[in-house]
Amino acid sequence: MIKSIPSIKTTLLCFFLSINLFSYAVTISTSPISGSPFCPGDSVFVSFTITGNFNNANVFTAQLSNSSGSFAAAVNIGSITSTIAGTIPCMIPTNTPAGIHYRIRVYSSSPVDTGTMNNADLVVNASPIPVIVANGSTTFCQGDSVQLYNVAGGIVAYQWERNLVAIIGATSSTYYASTTGQYNMKGSNGTCWGTSGAIYVVVNPAPIVTFTGTDSICNGNGTGITAHGGNTYAWAPPTGLNTTVGANVVASPSLQTTYTCTSTGFNGCTGTGTVTIYVFNPPTVTVSPNDTICAGGSSILIANGAFTYSWSPSNTLNTSVGNTVTATPNISTNYVVTGNILGCVDSRTVRVVVHQLPIISVTGADTICSGSSTLLSAHGASGYTWSPFIGLADSVNANELANPANTVTYTIQGTDSFGCVGTDTFRLNVLSCTDIPTVSDAETISLYPNPVSEILYINVPDLYTPNSQLTLTDIKGTVVYSKQFKNGTIDVSSYDKGIYILKIQSKKGDYFKKVVIE
């Protein structure tokens, strides 16, 4: 009998098969589980040991049996990706029914292998199933609330949640929800906690009522107020309002009043706001009494009774605002001051009467001979003061007899009945008169009156007529009158006051006479 020799291919195949079988010889052993009894939702940590080599992408998965310990419908409760032994964090599913024979095992994915289960039964207690209901609509307006409460039995402890976050202090079977959100209740039967289904609460915002307009008025006036933030509006109280509905009202209360506006939004929710209207009485303005000043003078005007003031016309005032102004009008002027307190005004008028300064004039001879005197008369006022006092008998009369030794210029201040003062100056020239020819009295020539103010009568003897030439010259040598003359008159009323020389020229000779015109 001929024995067959194995081929090289057959030998290699057997070699690799033996290597492969050796590489995938693995085991998984589930360690004892601590923490029993459990509640649905509890965490459990499953430790395990291994033998053999696992691939890099291997996943270890923990499985929970049914309540009788069968893995026929095992539930995966946690996994890790690993090639070595370790601990898998797991959670008992929340829908796990109560039982006392639960087991846990671990299996791998690469290579696929199912490990041993833990060595003892695990107990899972029953969780309560809270049931919450709402006592009313879950959609409502801001400021309202809805009662939520549990109707399931067997629950001895409570914790309400909003948006899956525990509500501090909400630990009774009833809760009043007033904020939009998802509400649940966790309930305990003394051993385990269960979570109810969710109730969704929607809280519609109430209108935020705001106002525009002026909140201060003068008594007797009104102000427009506009409400914002809603769809419809109702106002109260009606006192002083032109209407109680609508966004726009005119408020004219006689006393300070607070109005409440209730606004309804498009979502049907209502909000309220209040606005206070402050009422001020108009000020009673007082002003300085009427005043009288002289031209060029000023008057201080003072107003009282308000917070702010304005004056008009302002062109002759140092300022148009403030309670005190200085007026310097050129003519009599009525000034109006308006006082203001928070928009309430009152006006008063004050008159400043302006008296023009008196126009002072002085009459009298403006030239005299040294040692002579002349009467100077001031006009245009009721009282006078002369200065300097040189050559005067006194200095406070309208008529002063002046006999200064030298030429002097007098300043005359005249005060009228209103106390206004005008000023004039008068220059009185004083001459030595030594160059005036001596008057010949060889024949009688009569002049009268002398001093004269209007008509000078002249009688010339026949000896000097006919064809006498008469010349009247002022003290400065200016001829003011010249003509052939016999007997008659000269009207001197238009000549300046002063000393004149009358010259009579004839075939008998020249004769001179001094004439004083006043």
Side-chain angles (χ1 to χ4, degrees), residues 210-228 235-244 246-261 273-358 382 415-422:
T210 59
F211 303 93
T212 55
T214 301
D215 62 358
S216 298
I217 63 171
C218 295
N219 199 345
N221 294 340
T223 182
I225 303 296
T226 300
H228 308 273
W235 300 76
T239 305
L241 295 179
N242 65 325
T243 180
T244 58
N248 301 297
V249 298
V250 176
S252 308
S254 58
L255 299 173
Q256 178 177 315
T257 303
T258 298
Y259 294 100
T260 298
C261 179
T274 60
V275 58
T276 298
I277 305 301
Y278 300 91
V279 180
F280 297 93
N281 291 319
T284 300
V285 174
T286 61
V287 69
S288 306
N290 295 337
D291 197 9
T292 299
I293 64 173
C294 299
S298 63
S299 177
I300 296 177
L301 307 178
I302 300 175
N304 289 292
F307 291 168
T308 61
Y309 304 87
S310 61
W311 299 77
S312 66
S314 61
N315 59 314
T316 54
L317 297 175
N318 67 321
T319 179
S320 62
V321 295
N323 76 313
T324 301
V325 298
T326 299
T328 54
N330 297 318
I331 60 173
S332 297
T333 303
N334 291 329
Y335 294 98
V336 177
V337 57
T338 300
N340 188 310
I341 296 181
L342 299 174
C344 302
V345 297
D346 185 34
S347 297
R348 290 291 184 272
T349 300
V350 57
R351 182 172 178 80
V352 177
V353 177
V354 179
H355 293 294
Q356 299 304 314
L357 302 182
S382 57
T415 304
D416 64 13
S417 59
F418 301 109
C420 299
V421 177

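The chain is numbered in sequence order, starting from 1. Just the heavy atoms: all of them, side chains too, but no hydrogens, waters or symmetry mates, feed the values below. Predicted model, so just to flag it, every value in this text is computed and none were measured.
Scanning for side chain to side chain contact (heavy atoms under 4.5 Å, CB included) contacts around T319 gives V321, V325, with sequence neighbours left out. In terms of the side-chain hydrogen bond (donor to acceptor under 3.5 Å, both in side chains) criterion, H355 has no residue partners (sequence neighbours excluded). Remark: T212 pairs with H228 by the side-chain hydrogen bond (donor to acceptor under 3.5 Å, both in side chains) rule, at least two apart or across chains. Partners of W311 by ring-ring contact (aromatic ring centres under 6.0 Å, His included), not counting sequence neighbours: none found. In this structure, F280 has no ring-ring contact (aromatic ring centres under 6.0 Å, His included) partners at least two apart in sequence or on a different chain. Scanning for side-chain hydrogen bond (donor to acceptor under 3.5 Å, both in side chains) contacts around T274 gives an empty result, with sequence neighbours left out. Under the side chain to side chain contact (heavy atoms under 4.5 Å, CB included) criterion, S417 pairs with no residue at all, not counting sequence neighbours. When the side-chain hydrogen bond (donor to acceptor under 3.5 Å, both in side chains) test is applied to T316, the partners found at least two apart in sequence or on another chain are Y335.
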Before giving the answer on side chain to side chain contact (heavy atoms under 4.5 Å, CB included), spell out for V250 and S252 the whole-Å C-alpha distance, their side-chain angles and the decisive distance to 0.1 Å. CA-CA 7 Å; V250 176; S252 308; 4.0 Å; yes

Where do L301 and V350 land on the side chain to side chain contact (heavy atoms under 4.5 Å, CB included) test, with the steps shown first? CA-CA 8 Å; L301 307 178; V350 57; 3.9 Å; yes

Verdict with supporting geometry, I300 and T324, side chain to side chain contact (heavy atoms under 4.5 Å, CB included): CA-CA 7 Å; I300 296 177; T324 301; 3.8 Å; yes

Just list the side-chain donor-acceptor pairs under 3.5 Å for residues 215-227, sequence neighbours left out, or say none.
from, atom 1, to, atom 2, distance (Å)
N219, ND2, N281, OD1, 3.1
T223, OG1, T214, O, 2.7
T226, OG1, N248, OD1, 2.6

Validation: residues 284-299 side-chain donor-acceptor distances under 3.5 Å, sequence neighbours left out:
from, atom 1, to, atom 2, distance (Å)
S288, OG, I302, N, 2.7
S288, OG, I302, O, 3.2
N290, OD1, R351, N, 2.8
D291, OD2, S299, OG, 2.5

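Closest heavy-atom contact between W235 and G246: NE1-O, 2.7 Å. V336 approaches T349 most closely through the heavy-atom pair CG2-OG1, 3.6 Å. Across every non-hydrogen atom of Y309 and G339, the tightest pair is CD2-CA, 4.0 Å.
Here side-chain hydrogen bond (donor to acceptor under 3.5 Å, both in side chains) pairs that include residues 339-348, with residues two or more places apart or in two chains, are T338-S347, D346-R348.
Atom CZ of residue F307 and atom CD1 of residue I341 lie 4.5 Å apart, to the nearest 0.5 angstrom. Between atom CG of residue L317 and atom OG1 of residue T326 there is a gap of 8.5 Å, rounded to the nearest 0.5 Å. Separating the OG1 atom in T258 from the CD1 atom in I277 is a distance of 8.5 Å, to the nearest 0.5 Å.
A side-chain donor-acceptor contact under 3.5 Å links S382 to the backbone of T415. Side chain of T239 to backbone of P237: no donor-acceptor contact under 3.5 angstrom is found.
The shortest distance between side-chain heavy atoms of C344 and P283 falls below 4.5 Å. Considering only heavy atoms from C-beta on, S320 stays 4.5 Å or farther from S310 through its side chain.
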